[in-house]
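First comes the structure, then the notes that go with it.
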There are 2 protein chains.
Amino acid sequence: MSVAEYIKHNRLFFDGAMGTMLQKSGLEPGGLPEVYNIEKPETVLEIHKEYVKAGADVITANTFQANELKLSDCGYSVEEIITAGVQLAKKSGAKFSALDIGPLGQLMEPMGTLSFDDAYEMFKRQLVAGEKAGADIVLFETMSDLLEVKAGILAARENTNLPVFVTMTFQEDGRTFVGCDPKSVAVTLSGLGVDALGVNCSLGPKELLPTIDELIKYSRVPVMVQPNAGLPHIENDKTVYNILAEDFSNFMKKIAEKGVSVIGGCCGTTPEFIKETRNLVEAVEFFSPEYEHVTAVSSGTKTVIFDNAVTVIGERINPTGKKKLKEKLRQQDFGYLVSEAISQMHNSADVLDVNCGLPEINEAETLAKTVSEIQAAVNLPLQLDSSDKNAVEAGIRKYNGKPIINSVNGKQESMDAIFPIAKKYGAVVVGLCLDETGIPETAEGRYKIAEKIVRTAETYGIPKEDIIIDCLVLTASAQQKLVIETINAIKLVKERLGVKTVLGVSNVSFGLPARPILNSVFLAAGFGAGLDSAIVNPMSFDIMKTVRGFKVLNNQDVDAVDYISNYADYVSETGSGKDSAGKVSDNTNAAKGTNEDI
Amino acid sequence: MSVAEYIKHNRLFFDGAMGTMLQKSGLEPGGLPEVYNIEKPETVLEIHKEYVKAGADVITANTFQANELKLSDCGYSVEEIITAGVQLAKKSGAKFSALDIGPLGQLMEPMGTLSFDDAYEMFKRQLVAGEKAGADIVLFETMSDLLEVKAGILAARENTNLPVFVTMTFQEDGRTFVGCDPKSVAVTLSGLGVDALGVNCSLGPKELLPTIDELIKYSRVPVMVQPNAGLPHIENDKTVYNILAEDFSNFMKKIAEKGVSVIGGCCGTTPEFIKETRNLVEAVEFFSPEYEHVTAVSSGTKTVIFDNAVTVIGERINPTGKKKLKEKLRQQDFGYLVSEAISQMHNSADVLDVNCGLPEINEAETLAKTVSEIQAAVNLPLQLDSSDKNAVEAGIRKYNGKPIINSVNGKQESMDAIFPIAKKYGAVVVGLCLDETGIPETAEGRYKIAEKIVRTAETYGIPKEDIIIDCLVLTASAQQKLVIETINAIKLVKERLGVKTVLGVSNVSFGLPARPILNSVFLAAGFGAGLDSAIVNPMSFDIMKTVRGFKVLNNQDVDAVDYISNYADYVSETGSGKDSAGKVSDNTNAAKGTNEDI
Ligand SMILES: [Zn+2]
Ligand SMILES: [Zn+2]
Ligand SMILES: [Zn+2]
């Protein structure tokens, strides 16, 4: 049985700290522990054996820093260090050996200088060597940047068959060094299809409990936890940790009881910690905790959950009908796009749609570049808006987080092009209710396509919570009779499929005057029918007052705090149409909340 | 078997004209034919017998004008003429005899001088005499005012056990002399529980076909048709009709095939017409046509059907929180109320709520008076808004048409007080989703009460299409979590009960700023959930733009004609809240329907 399969049905025990043990054996602080694999192999092997004796199923090879940046001055190659390290782990007699990979040690672009492609290549070198040496697992650990991790995961998937475990390290504020929160970690890494995800190092087991709760709630794969031996302090010039094996194992028992499948220790833990933990945890019956089947998308640092809430997807980064944006895209001048992103964020957008489709530019390259530029400036999840498979893949490959892909439709070729990308990289996909025969006139016809999309996604291993259905709007000026079918279709999709829905509303008013009225009434009617999200212009007063108003009504804007801060001074327009000139005072009273004489 | 029961399963043939026959027998034009009952009984009896021989099941007594106004100078009392007339009809050997009652001959108040109570008393005198003389049926015929008919129906129901048949006479424009249309006739008379309703006189059978179609579509009781022998013209100083018995009977066959149950002739028809008609129609198999189970309310001249359409119920005639209206009610100065009614009508209200509940006035008297005054000025159906049984009955008794009663709730005592009134007079009733325990928090709880109200109404003989459910709004400022339950409850009520729904939206925003925004978003969300009607302020710009916008979206305002005429010059407010100062130009473009650079 593969390790990936094993942990779905069994608890798996990792070992504890290597660095702590090597320092006890004489490694001077600041020295490169990985060199011991070649220069003092017995020391390393002895520690491995102690952990096996203590009950570890998996021995983590001494390869944490064995990447070309960190090893550059040590005289050994990545392959030499990793081969020796994995061989020692295997020699320990453990059930499984893990290639250990830590952060590369440089910040990723655009914050730092490390490019995604360079990170990918460095990880690839480690991974290929580790697999060749016979590792059973790769463990990316002590990671703090999801984008760096993504480069590692893709390198593993595309160059090896190693099961991939990932643990990240969180600070006391509940975020990693670059700001990732547990929700975004769980959502993004689950999307990328890792075999286990979780937390290591960071803090002691007690302090990690809230983080672990979040990970269990949102992870679709087994959760892994390797805490430190409590919080560190300095004693006689040495870093020591503040809890003992007994306390540690008691907390680890609690953690196992929450449903954590993979357990071990990090800094400050010793074979004694692992032994006591295994003793206590062995009595806790294994189970797979049920995660929340939510529709969730994320950037590296922010997750948006489509859950009894209204989600605003900003539509403005789309050249269709926008002269200036077209020009900027042609010039590859991304400043304007970024400024549009920032404006929308400040106007309560939750997600930003990004469309770079212009015939005269390379859509794939431009979309990838735009995604990077926007992600450097705003932390909102993005919706990659293209029907071109290559553009979608270029956009998603270096995207930090779990994006939305907009869109597939009911045509088999559309789904066959996009679903494999969505599955590989992890994405929520918008499914449009149209197929070879166009947009069905009836709600029932559109529901049928929605059902087909959801069922087809499932055959690709994409769960229905990763599909958002767009029932599609027709224009009232051209097809007035069919407009209400969209509202009816939303009800059918919600009732029968229970998936989330999205709508771009502005087409409804095309060709009519007073478009903001129709758009906002249609939007509110959609919300009433069960619409979960809308692709709209967050700069539109009418749209946003509809959104903010509905957020009061659905208890999303609790105590109407945001609503009041936006509209406390709102005064209604006057008159109710052509017949009512002169009714000013009445409406003004109404607008001010007066009940007398209105 | 009673005649009322008989016509549910069998076609019933009435006789033809009496006046035409009497004129042939020497009655001078302008003479009172009813005097013949006493002075020339053999002539009358001979005509009756000819009709029986021709195949008439029912002989209509020669009592059309036998009321105290018309008989005042003839030397005989109402009782004498009617007793003689009915006895002659019975003597004819027909299966059934009908007391015949025509219009009293004066216009009703407020157009004319005849009071409802006087009309009632005159009809009562005829009815009591007719029943005493042995009539099997009362036929009110050639009527043109529904309010006058209502006085007659109530007089019949409250003083006799006679089955009540009513036929009205329509002009070439499809309306009666005072403006009643076939829809309002069918809706109002069905509500009043007559045993048959229809059309007589007016025109020939061919010209009546569209009117008959309307009556069949909306009547819940068997339909009766007695046309003239075509259109009249003057020949040798005499009125003659333009079709022969053969044509007449051919059209009557068509009319029978539509499902008309009660058939006969009016002016210009003779025993020959009846004979040929019976011969032809006998071959048409009897059936009860399926009527449209719509929720319909009416004034005397206008019907509003709650059918895939949004209905606006104007809320302004209600003293709650309105100083001026309170004052006017105390002074019994109805001019202001009437002006409010007119303003609301001009601002697209479909129905007007009328509430006269003030502790210091007699609510019942005031409501009855207000109803009369408003009905004299506007032709919209009214919603009588009171929970006081006596006020409701006072308001509905002299109401012209079929009103809404607002409201009952889920308490047994409330339903036991109101449903008998609704059943007797014919009304649609608003059912509030609250009971002894208050307003249930959940949608499911409110649905349960709605179901109880509908089931209880059915035990009173009130069909579910005469119930409109109000799922009730809670205020977002006090019970924010429960606001969305109203929207959810509407969906449940629509899906599971299939009844119409209504909502008064303005409470939702009580205690918050920018109330028009919340009210209109809530209203549109309600429409999206399936809300059919709303009790709102038609003078509110925000509310009416929501209503008019939704009427475009649901194809009610076809080609957006009304929308465009109201909002062609609409310019959106600027900014999308506190963050968006300076976005003026964008929004202006959006408002104008421009697609470039928005
Ligand atoms: Zn550590
Ligand atoms: Zn029967
Ligand atoms: Zn006639």
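Labels below follow one simple rule: chain letters A, B, ... track the order of the sequence lines, proteins then strands, and each chain is numbered from 1. The figures here come from the full heavy-atom set of this structure, side chains too, leaving out hydrogens, waters and symmetry mates.
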Quick one: what part of Val508(B) sits under 4.5 Å from any heavy atom of chain A, side chain, backbone, both or neither? side chain
Taking every heavy atom of Ala524(B) against every heavy atom of Ala524(A), the minimum-distance pair comes out as CB-CB, 3.4 Å
Against chain A, label Ile487(B) side chain, backbone, both or neither, depending on which of its atoms sit under 4.5 Å from a heavy atom there. side chain
Does the side chain of Val552(B) come within less than 4.5 Å of Phe522(A)'s, by heavy atoms? no
NZ on Lys545(B) to CG on Leu518(A), rounded to 0.5 Å: 11.0 Å
Checking Tyr563(A) side chain against Ala514(B) main chain: does a donor-acceptor pair fall under 3.5 Å? yes
Which atoms of Asp559(B) approach chain A - backbone, side chain, both or neither, heavy atom under 4.5 Å: both
Count the heavy-atom pairs under 4.5 Å between each of Leu523(B), Leu482(B), Ile564(B) and chain A, then report the option with the highest count. Ile564(B)
Tell me whether Gln480(B) contacts the main-chain N or O of Asn554(A) through its side chain, where contact means a donor paired with an acceptor under 3.5 Å. no
Under a 4.5 Å cutoff for heavy-atom pairs, which residue among Ile543(A), Leu531(A), Ile517(A), Thr486(A) has the most contacts with chain B? Ile517(A)
Has Lys491(A) got a side-chain atom pairing as donor or acceptor with Lys491(B)'s backbone, closer than 3.5 angstrom? no
Chain B contact via Ala560(A) - side chain, backbone, both or neither, heavy atoms under 4.5 Å: both
Between chain B and each of Ile484(A), Val483(A), Val521(A), count heavy-atom pairs under 4.5 Å; write down the option with the most. Val521(A)
Select one option (side chain, backbone, both, neither) describing which atoms of Lys551(B) are under 4.5 Å from chain A's heavy atoms. backbone
Could you tell me whether Glu441(A) atom CD has more than 12 heavy atoms of other residues or ligands within 6.0 Å of it? no
Does any heavy atom of chain A fall under 4.5 Å from the side chain of Ser509(B), the backbone, both, or neither of them? neither
Under 4.5 Å to a heavy atom of chain A? For Glu485(B) that would be neither
Gly528(A) versus Ala529(B), closest heavy-atom pair with distance: O-CB, 3.5 Å
